[in-house]
Peer 1: 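Before we start, here is the structure in question, set down as structure tokens.
Remember, predicted model here, so these are calculated numbers, not experimental data. In what follows, chains are A, B, ... by sequence order, proteins preceding strands, each numbered from 1.
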2 protein chains.
Amino acid sequence: MNSQSEEDYLKALYHLEMDFDAVSTNSIADYLDMKPSSVTDMLKKLAEKKFINYEKYKGTSLTKKGRLIALSIIRKHRLWETFLVEKLGFGWDQVHIIAEQLEHIKSEELIENLDNFLGNPKYDPHGDPIPNKDGEIEKMNQKLLVELKASQKGIITGVKKGTASLLNYLDKEKVKLGDSVKVIEILEFDGTYIVEINKRKLTFSEKICQNLLLETND
Amino acid sequence: MNSQSEEDYLKALYHLEMDFDAVSTNSIADYLDMKPSSVTDMLKKLAEKKFINYEKYKGTSLTKKGRLIALSIIRKHRLWETFLVEKLGFGWDQVHIIAEQLEHIKSEELIENLDNFLGNPKYDPHGDPIPNKDGEIEKMNQKLLVELKASQKGIITGVKKGTASLLNYLDKEKVKLGDSVKVIEILEFDGTYIVEINKRKLTFSEKICQNLLLETND
DNA sequence: CGTAATTTTTAGTCTTGTCTAAAAATATAT
DNA sequence: ATATATTTTTAGACAAGACTAAAAATTACG
């Protein structure tokens, strides 16, 4: 049985691996709001249990075993969020903190029954996909940024043919493939998109949005 | 904010106070399956926080403040049990362990929304009363079926402690908590009760009648 | 290339909540 | 009423998981 703390670390690792290739000790510490020394201690423990590949000073990554545990926590989190919004009438912005607690409840049967009760939803109220009990996540679709509406999210996968120069522009703006994009606002006047990437607000013209490819989940 | 462990102690105190007047250190240790020395440590801490009245070697009792916390945990426990049985299809006997985890989730709003979602139930699936948010427990006119005379009525609220197997029997007979019971006839010879439940006539042995709890209106 | 800055790890401390072993207080029984 | 048994508390240890401060490794820069 894994502790709540171990589960939090594995979940953090999973989320950080989406954004960065090698996950550094400091980035985990930032993410979990803890000191790097505490992180090092836990990484040793998780490596001992074969949940992560860890080499001193070299960063870390989840093993298959570790990833499955992370996905099972994410599954629980997103199912509980769905429950809180769909059944208990919470707003989608209120549920995260409560789900952070509920995700650690230990019972296979509970989560399967909850899943059925909710009608086996594929996405949570934030639009994030819910892993199935084998840790599989529905493959996402590719879309242009211009097809997204406010508050929707995607991951940058590339640019349309013949627009290689766009990549240079993105590079200059420190935007990389794999970066996560969230639409904050779309200006009605000229179709300009205001988006958030890596915690920074950026403004994209309509032309850019017509050429930027994203992976989304619907 | 109280720790899970503190909450477990307060809940134990509450249950033990029902059965015994003075709650001894050893009885708490037995109840929680811990060593008496650990209990002493925690009692000091709880006394410090004014949750209990504690005098060395003299036993302990809940303060008003402590009792309210205990009741709020019991409220959560029983609401979650109701949810698990009514909504997720768990059996009566499976829900206790899961509810022991769920009862420690911190969120006032969660429990109020859950209460409403469940239709503000007054009794949990075991027939135990659910305290309201002010810690008040509806005084029950709880009787055993065997105390009723012919033509009297009641609502099934549960079974006596230690007779969980009776629940299975009732289940098999399609009798649920909340069902209304009317005594049709009591056989003088062996005390067998003939009752009507859901428009069906059923026969209960005297032993069953001695263990079946009902809510009556007198 | 070598020094400075940054990142990561080590070493040692602290808190919470448990334990064991032994001492102290209380209860029981002749 | 005193010796014995039981209960309760104290004292000290330990594990988990966090922290601080300092050392070591890595990275970045002039």
Peer 1: Quick one: which of C/dT20, C/dT9, D/dT9 gets closest to the side chain of A/Y57?
Peer 2: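 Of the candidates, C/dT9 comes closest.
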Peer 1: Would you call A/E7 and A/K106 a salt bridge, taking side-chain N to carboxylate O under 4.0 Å as the test?
Peer 2: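 Salt bridge present between A/E7 and A/K106.
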Peer 1: Testing A/K76, A/K133, A/R75 for side-chain hydrogen bond (donor to acceptor under 3.5 Å, both in side chains) with A/D115, which one passes?
Peer 2: A/R75
Peer 1: Side-chain N or O of B/N26 versus OP1/OP2 of D/dT6: is the shortest distance under 4.0 Å?
Peer 2: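 No, because none of the side-chain N or O atoms of B/N26 sits under 4.0 Å from OP1 or OP2 of D/dT6.
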Peer 1: Between B/S38 and A/K58, name the one whose nearest nucleotide on DNA chain D is closer to the 5' end.
Peer 2: B/S38
Peer 1: Does the pair A/H96 and A/H77 meet the rule for a ring pair (Phe, Tyr, Trp, His ring centres under 6.0 Å), with working shown?
Peer 2: CA-CA 8 Å; A/H96 186 73; A/H77 183 97; 4.7 Å; yes
Peer 1: I need the NZ-P distance between B/K35 and D/dT8, as an integer number of Å.
Peer 2: 15 Å
Peer 1: Can you confirm whether the side chains of B/D30 and B/N26 place a donor and an acceptor under 3.5 Å from each other?
Peer 2: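 The answer is no; no qualifying pair exists.
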Peer 1: Does the base of C/dT8 carry an N or O that pairs as donor and acceptor with the side chain of A/S24 under 3.5 Å?
Peer 2: no
Peer 1: With nearest nucleotide decided by heavy atoms, which residue, A/D33 or A/K56, maps closer to the 5′ end of DNA chain D?
Peer 2: A/D33
Peer 1: Counting any heavy atom closer than 4.0 Å, what does B/T40 reach on the DNA or RNA strands: base, sugar-phosphate only, or nothing?
Peer 2: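 Since a base atom lies under 4.0 Å of B/T40, the category is base.
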Peer 1: Is a donor-acceptor contact shorter than 3.5 angstrom present between the side chain of B/T25 and the base of D/dT9?
Peer 2: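 Check fails, no donor-acceptor contact within cut-off.
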Peer 1: Would you indicate which nucleotide in D/dG17, C/dG17, C/dA21 comes nearest to any side-chain atom of B/S37?
Peer 2: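 The answer is C/dA21, which lies nearest to the side chain.
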